[in-house]
Engineer: 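The following block contains the structure, expressed as structure tokens.
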There are 4 protein chains.
Amino acid sequence: MSKHDKIIDAAMEVISEKGFEKTSISEIVKRAGIAQGTFYLYFKTKSSLIPAIASRLLSITLERIKSKDTEGESFWYFLDNLIEETFTITEEHKEVITLCYSGLAIEHSMEKWEAIYEPYYHWMESTIEKAISKGEIQEQININLTAQFIINMIENTAERYYMTSEHEDSVGMHKKEIFTFIKRSLCNA
Amino acid sequence: MSKHDKIIDAAMEVISEKGFEKTSISEIVKRAGIAQGTFYLYFKTKSSLIPAIASRLLSITLERIKSKDTEGESFWYFLDNLIEETFTITEEHKEVITLCYSGLAIEHSMEKWEAIYEPYYHWMESTIEKAISKGEIQEQININLTAQFIINMIENTAERYYMTSEHEDSVGMHKKEIFTFIKRSLCNA
Amino acid sequence: MSKHDKIIDAAMEVISEKGFEKTSISEIVKRAGIAQGTFYLYFKTKSSLIPAIASRLLSITLERIKSKDTEGESFWYFLDNLIEETFTITEEHKEVITLCYSGLAIEHSMEKWEAIYEPYYHWMESTIEKAISKGEIQEQININLTAQFIINMIENTAERYYMTSEHEDSVGMHKKEIFTFIKRSLCNA
Amino acid sequence: MSKHDKIIDAAMEVISEKGFEKTSISEIVKRAGIAQGTFYLYFKTKSSLIPAIASRLLSITLERIKSKDTEGESFWYFLDNLIEETFTITEEHKEVITLCYSGLAIEHSMEKWEAIYEPYYHWMESTIEKAISKGEIQEQININLTAQFIINMIENTAERYYMTSEHEDSVGMHKKEIFTFIKRSLCNA
DNA sequence: CATGAATGAGGGTTCATTCAT
DNA sequence: TATGAATGAACCCTCATTCAT
């Protein structure tokens with residue numbers, strides 16, 4: 001693996017454990033198995049890590065979600081799978097995700113951030129459109145906002161679940177209830 | 001105003017501008033008009049500010065939302081008002097809200113956090129129950145989770161809106177679309 | 001002694017030994033017997049030491065030179081004393097003097113620097129004027145520039161002497177030769 | 001041009017802009033168009049640049065001063081030219097000159113430094129001797145020290161002029177006044 | 001209760017130098 | 001010779017916290 005990638009991996013690990021501000025470069029490089037100065041060959045500053053991490057994170061997410069073939073299936077099958085994967089990824093990377101959503105992201109150009117998320121939103125929109133054309137969901141909705149609602153709602157519920165709850169047994173009910181909530185709102189009764 | 005409250009106000013101000021980690025006690029005390037050491041008469045450490053801020057924040061929120069009398073009105077009237085107030089408060093305090101949601105909150109007992117939010121959730125649950133008994137919304141839902149969904153969905157949409165968007169003119173459409181999304185999901189068709 | 005003055009003294013010591021850039025704050029504070037952070041209560045940055053040192057240095061110089069009463073004496077008696085004192089002070093503080101003259105001074109407003117030297121130059125000018133009115137030195141000279149020539153020539157010769165020479169036995173000859181050089185140039189033959 | 005010379009040129013450029021300590025090898029090699037490691041094939045350490053620069057500088061100076069033929073002319077004509085050239089060179093290279101004079105030079109054997117300046121002083125001494133034998137200047141002077149006085153006085157006045165002054169219009173008066181100051185001191189009345 | 005000067009550990013970052021290619 | 005990625009010690013500076021008053 002390239003040193004660049006080793007650094008990102010190490011950073012994601014340490015940030016997951018300590019949060020961004022409390023993560024020191026020296027901890028990152030120790031974990032990555034490189035020297036202190038080497039970090040600065042690949043990243044100009046500590047905070048320039050953030051866009052790189054965000055990008056890596058979305059790659060993982062999209063790759064995983066797309067890997068499951070939902071082509072011939074109904075929108076509801078697809079939605080179920082989306083919920084499942086989002087919970088899994090969130091559990092694995094909750095700290096880093098929080099970082100990317102949180103205030104630090106603001107320091108960096110929102111354009112970059114939006115650009116990173118763009119493919120995800122876009123792909124969700126086209127999925128919705130297909131579902132509409134198949135008559136699975138109703139057509140009065142604002143597609144763009146609805147795509148964001150769905151993605152955000154699932155992600156945020158997953159985050160809250162893993163950030164606040166210890167009683168993990170109820171995860172199934174959480175997933176089922178979001179699914180139902182969304183389906184009721186969208187389905188072409 | 002008591003020194004305790006002056007400190008909280010100053011802290012919320014500075015944190016809103018700089019984020020938590022980059023906020024220094026010396027900036028807080030300067031803004032509060034007290035001496036450096038006085039801070040430690042009221043708070044054990046810097047991070048013990050967080051629960052106090054969260055608590056203050058929820059007080060503001062609940063107070064504002066409850067101030068509007070929606071007693072005799074329909075659930076949808078109430079929902080509309082809830083969305084309106086949440087957007088307003090979020091715009092005013094987005095940075096602090098982010099802090100409270102984000103990773104730093106983790107350092108502190110989630111029990112405390114849950115305890116702080118408890119009255120808000122509880123009040124929402126009873127509002128939902130009333131709506132069910134009035135036949136306004138359907139009854140197959142998990143009341144507890146649905147209460148969380150609604151609150152979180154509105155809060156998160158508001159946060160995203162104010163964190164990412166510059167085209168503030170569309171705020172009306174955002175509010176309307178959430179309202180519709182929730183209503184479709186809940187209404188007793 | 002105040003901590004502020006302790007810092008300046010320690011700084012002058014260490015800079016004398018190592019030069020400015022190679023002098024670390026940690027060495028200064030160790031020598032001053034204070035904590036690392038305390039330095040920053042008195043000086044904003046490392047380089048803000050320089051004007052303070054320059055000021056201190058000129059105080060020493062002026063004080064010493066003026067302490068010898070040359071009131072009723074001839075200009076040449078005064079000149080002889082000036083050479084003597086300048087060599088003594090230069091020997092004691094040559095490194096710091098070099099720093100103040102050298103490029104680092106450029107980083108700071110030349111106005112400040114000129115302001116610091118102003119009293120010295122001014123005092124020399126009035127001494128020259130008195131000598132002219134007493135008929136001791138000729139009157140065609142540019143008083144302002146001549147004052148600078150004398151001061152600089154003596155200071156620079158002293159600096160060079162202590163910076164380059166090891167054969168300190170010839171110091172007397174250096175002093176005598178400058179004296180003569182200047183006297184020949186100025187005396188009202 | 002050899003790589004060795006490219007390095008010196010680049011170093012003089014960067015040092016002129018930033019000062020010695022703040023000049024990084026990486027900036028020098030970038031400017032010289034060579035690789036980082038190549039530097040160390042030609043210079044043992046960063047500070048071993050200094051004698052090389054000093055040497056180059058004196059070559060330039062001597063070359064320029066000697067290029068003007070003052071053979072048949074009077075000493076005063078020669079002196080006038082010397083002042084002129086010194087001001088010109090000082091203006092071009094003031095930063096590097098300062099470096100060479102300043103404390104950093106101390107780190108290196110003064111013998112080397114003296115050796116570098118030796119030809120300059122020597123040439124000045126023989127010029128003075130010739131002037132004495134022609135009866136242009138008086139003979140009671142210490143030739144060696146007087147040579148140094150003249151060179152240093154002119155150099156230092158030029159340095160001070162370009163380091164402190166912004167009102168460059170008065171440069172003519174500065175030159176004229178040094179000339180007169182020296183001439184009065186030396187001339188065989 | 002209140003003060004604010006003092007502390008000192010620890011942070012991010014720079015850069016002269018080395019070495020495998 | 002020439003390269004440039006890699007190194008890691010050392011730097012300046014910040015700031016949460018303490019304590020004598």
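In what follows, chains are A, B, ... by sequence order, proteins preceding strands, each numbered from 1. Fair warning: this is a prediction, and the values are worked out from it, not measured in the lab.
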Engineer: Using whole Å, report how far NZ of Lys30(C) lies from P of dA9(E).
Structural biologist: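 Checked: the NZ to P distance equals 13 Å.
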
Engineer: When you check every protein heavy atom under 4.0 Å of nucleotides 13-21 of chain E, what one-letter string (B, S, -) results, 5' to 3'?
Structural biologist: BB-SBB---

Engineer: Over 60° means perpendicular and under 30° means parallel, so tell me whether Tyr42(D) and His4(D) are parallel, tilted or perpendicular.
Structural biologist: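 Judged by the thresholds at 30° and 60°, the geometry between Tyr42(D) and His4(D) is perpendicular.
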
Engineer: Using the side-chain contact (heavy atoms from CB on, under 4.5 Å) rule, pick out the option among Leu57(D), Thr61(D), Ile53(D) that qualifies with Ile97(D).
Structural biologist: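 That would be Leu57(D).
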
Engineer: Please report, rounded to the nearest Å, how far the C1' atom of dA2(F) is from the NZ atom of Lys6(D).
Structural biologist: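 Lys6(D) atom NZ is separated from dA2(F) atom C1' by 13 Å.
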
Engineer: If the threshold is 4.0 Å, N to carboxylate O, is there a salt bridge linking Lys46(C) and Glu27(C)?
Structural biologist: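 Looking at Glu27(C) together with Lys46(C), the answer is no, because their closest N to O distance does not fall below 4.0 Å.
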
Engineer: Going from CD on Glu13(D) to OG1 on Thr23(D), what distance comes out if it is rounded to the nearest 0.5 angstrom?
Structural biologist: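 Result: 11.0 Å between the selected atoms.
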
Engineer: Please list every stem that involves DNA chain F, where a stem is a run of 3 or more consecutive Watson-Crick or G-U wobble pairs with both pairing distances under 3.5 Å.
Structural biologist: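 Only these stems qualify: E:2-21 with F:2-21.
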
Engineer: Taking the side chain of Lys3(D) as heavy atoms from C-beta outward, which of dT3(E), dA5(E), dT3(F) is closest to it?
Structural biologist: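 Looking only at heavy atoms from C-beta outward on Lys3(D), the closest nucleotide is dT3(F).
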
Engineer: Calculate the interatomic distance between Ile34(B) atom CD1 and dC1(E) atom C1'; express it in whole Å.
Structural biologist: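 Taking atom C1' of dC1(E) as the reference, CD1 of Ile34(B) is at 12 Å.
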
Engineer: Rounded to whole Å, please give me the gap between CD in Glu27(B) and P in dT14(F).
Structural biologist: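 So the CD-P distance, Glu27(B) to dT14(F), works out to 13 Å.
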
Engineer: I'd like to know if the side chain of Lys22(B) reaches the main chain of Ile15(B), judged simply by a donor and an acceptor atom lying under 3.5 Å from each other, with no hydrogens or angles considered.
Structural biologist: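 The answer is no, because no donor-acceptor pair under 3.5 Å joins these two groups.
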
Engineer: Considering just the side-chain nitrogens and oxygens of Tyr42(C), establish if one lies under 4.0 Å of OP1 or OP2 belonging to dA5(E).
Structural biologist: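 No, outside the criterion.
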
Engineer: In whole angstrom, what separates Phe43(C)'s CZ from dA6(E)'s P?
Structural biologist: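 The distance from CZ of Phe43(C) to P of dA6(E) comes to 13 Å, rounded to the nearest Å.
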
Engineer: CD1 of Ile15(B) versus P of dA16(F): gap in Å, rounded?
Structural biologist: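 Spelled out: CD1 on Ile15(B) to P on dA16(F) is 11 Å.
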
Engineer: Not counting sequence neighbours, which residues clear side-chain hydrogen bond (donor to acceptor under 3.5 Å, both in side chains) with Ser55(B)? List them please.
Structural biologist: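 Ser55(B) satisfies side-chain hydrogen bond (donor to acceptor under 3.5 Å, both in side chains) with no other residue.
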
Engineer: Does Glu155(A) pair with Lys94(A) as a salt bridge, N-O distance under 4.0 Å?
Structural biologist: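 So Glu155(A) does not pair with Lys94(A) through a salt bridge.
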
Engineer: Using modelled atom types only, decide if a donor and an acceptor are shared between the side chain of Lys6(C) and the backbone of Val29(C) within a distance under 3.5 Å.
Structural biologist: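 Side chain of Lys6(C) to backbone of Val29(C), a donor-acceptor pair under 3.5 Å: no, none is there.
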
Engineer: Taking 4.0 angstrom as the limit, do Glu17(A) and Arg31(A) come out as a salt bridge?
Structural biologist: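 Result for this pair is yes, salt bridge flagged.
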
Engineer: Rounding to an integer number of Å, can you tell me how far Leu49(B) CG sits from dA16(F) P?
Structural biologist: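 Distance, rounded to whole Å: 10 Å.
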
